[in-house]
Amino acid sequence: MTNPPDSSQSIRSVRTSTARIRIRPVLATVLLAALLTACGGSDGPGSPGSHAVPTGSAGSGVVDGTVPSPPDRTVSGLRDDTRHITRKTTTGTRPRMVKRCTSRVRRVKHTSTSGTGRRKRTRTWYTNDSYKDCKKVQQGTTRYTRVVRRARWCVELDNVGGNSTKDDVWYEVESDVYRRATQLKEGAKLSFTPLRKGC
């Protein structure tokens, strides 16, 4: 039996549409696989060439969630020894300068104008102005006291900050801290704010 022409053309159209419907999911699958491959190729946290990002806000000094302690000048330990370095002076000489003045006279010019136009007149006259011309001149020498070494008060600590290896550390302190340290027995706990390290 022979199919009519219209019937065969309808069958071919249905087959073509079915083929297109089957191709579209395949193309979609290929495109999705390509996108996943491109995304997976970028450097991840564990891939070579990736850079670890430190935790904490930029410029805050926070690393791994820890914050560095603020600087503290106060030191503590066990009282070891004290030292008072006395002030040392010496005597020197320097030029003795004195003020010497001389009376002088200078001539000062004065002018005045009166009238207008052709009747304008200018009068000039001079006066003597007395003044003193002063300057410093050397007159012998004078003695003075010069400080060679300033006074210092120092305290020595052992076990500084609880560290048994930090012994015999000297600190320069105020005089009242020194006096307080002298009233303590050796080995007593002591804390203070030093002026500087060393003595």
Side-chain angles (χ1 to χ4, degrees), residues 28-101 134-199:
T29 303
V30 173
L31 290 174
L32 180 60
L35 288 174
L36 291 175
T37 303
C39 294
S42 60
D43 290 340
S47 62
S50 62
H51 300 280
V53 180
T55 59
S57 59
S60 64
V62 179
V63 179
D64 296 332
T66 61
V67 182
S69 301
D72 188 1
R73 294 184 54 203
T74 301
V75 296
S76 61
L78 304 179
R79 188 260 201 208
D80 188 0
D81 199 1
T82 59
R83 179 186 300 167
H84 177 212
I85 301 175
T86 58
R87 182 172 178 261
K88 185 178 180 181
T89 60
T90 186
T91 303
T93 59
R94 57 188 174 193
R96 178 174 178 264
M97 306 302 292
V98 297
K99 186 178 181 180
R100 181 172 295 174
C101 299
C134 300
K135 58 183 178 180
K136 286 189 174 183
V137 296
Q138 181 179 348
Q139 190 177 39
T141 57
T142 183
R143 300 178 69 85
Y144 72 100
T145 301
R146 180 168 58 91
V147 178
V148 178
R149 183 184 63 205
R150 62 181 180 85
R152 296 200 302 272
W153 293 267
C154 304
V155 176
E156 185 184 27
L157 291 181
D158 287 341
N159 198 30
V160 177
N163 189 345
S164 58
T165 62
K166 295 184 67 174
D167 292 338
D168 304 325
V169 182
W170 282 98
Y171 297 96
E172 184 179 349
V173 297
E174 299 282 0
S175 58
D176 58 342
V177 176
Y178 167 82
R179 284 191 292 269
R180 179 161 56 92
T182 57
Q183 297 173 0
L184 298 176
K185 294 182 179 180
E186 186 173 344
K189 292 183 179 180
L190 180 62
S191 61
F192 52 83
T193 301
L195 297 176
R196 59 188 58 85
K197 190 175 181 181
C199 183

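Not measured: the values here are computed from a predicted model.
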If the condition is side chain to side chain donor-acceptor pair (under 3.5 Å), which residues does Thr142 pass it with, not counting sequence neighbours? none
Partner of Asp80 under side chain to side chain contact (heavy atoms under 4.5 Å, CB included), picked from Asp158, Asn159, Leu190, is Asp158
In sequence, state the C-alpha distance, the side-chain angles, and the governing distance for Thr91 and Tyr144, and then conclude on side-chain contact (heavy atoms from CB on, under 4.5 Å). CA-CA 6 Å; Thr91 303; Tyr144 72 100; over 6 Å; no
State which residues pass salt bridge (charged side-chain N to carboxylate O under 4.0 Å, His left out) with Glu156; sequence neighbours excluded, sorted by chain then number. none
Who passes side-chain contact (heavy atoms from CB on, under 4.5 Å) against Thr89, sequence neighbours left out? Arg87, Thr145, Val147
For atom CZ of Arg149, decide whether the heavy atoms of other residues, nucleotides or ligands shown that lie under 6.0 angstrom number more than 12. yes
Counting only N and O atoms by type, is there a donor-acceptor contact under 3.5 Å from the side chain of Arg152 to the main-chain atoms of Ile85? no
Residues at least two apart in sequence or cross-chain that pass salt bridge (charged side-chain N to carboxylate O under 4.0 Å, His left out) with Arg150, listed by chain then number, are Glu172
Could you go step by step and tell me if Arg143 and Thr93 meet the side-chain contact (heavy atoms from CB on, under 4.5 Å) rule? CA-CA 4 Å; Arg143 300 178 69 85; Thr93 59; 4.0 Å; yes
If I compare all heavy atoms of Lys197 with all of Val169, which pair ends up nearest, and what's the gap? CE-CG1, 3.7 Å
First locate atom CZ of Arg96, then atom NZ of Lys136, and finally report the distance between them rounded to the nearest 0.5 Å. 11.5 Å
Rounded to the nearest 0.5 angstrom, the CH2-OG1 distance for Trp153 and Thr86 is 10.0 Å
Contacts of Asn163 meeting side chain to side chain donor-acceptor pair (under 3.5 Å) (sequence neighbours excluded), chain-then-number -> Thr165
Using 0.5 Å steps for rounding, measure from the CD atom of Gln138 to the CZ atom of Arg94. 12.5 Å
Sequence neighbours excluded - side chain to side chain donor-acceptor pair (under 3.5 Å) pairs with any residue from residues 174-195: Thr74-Thr193
Determine, step by step, whether Tyr171 and Leu157 satisfy the side-chain contact (heavy atoms from CB on, under 4.5 Å) criterion, reporting the C-alpha distance in whole Å, the side-chain angles of both residues, the deciding distance to 0.1 Å, and the verdict. CA-CA 8 Å; Tyr171 297 96; Leu157 291 181; 4.1 Å; yes
For the student: nearest non-hydrogen atoms of Arg73 and Pro194, plus distance: NH2-O, 2.6 Å
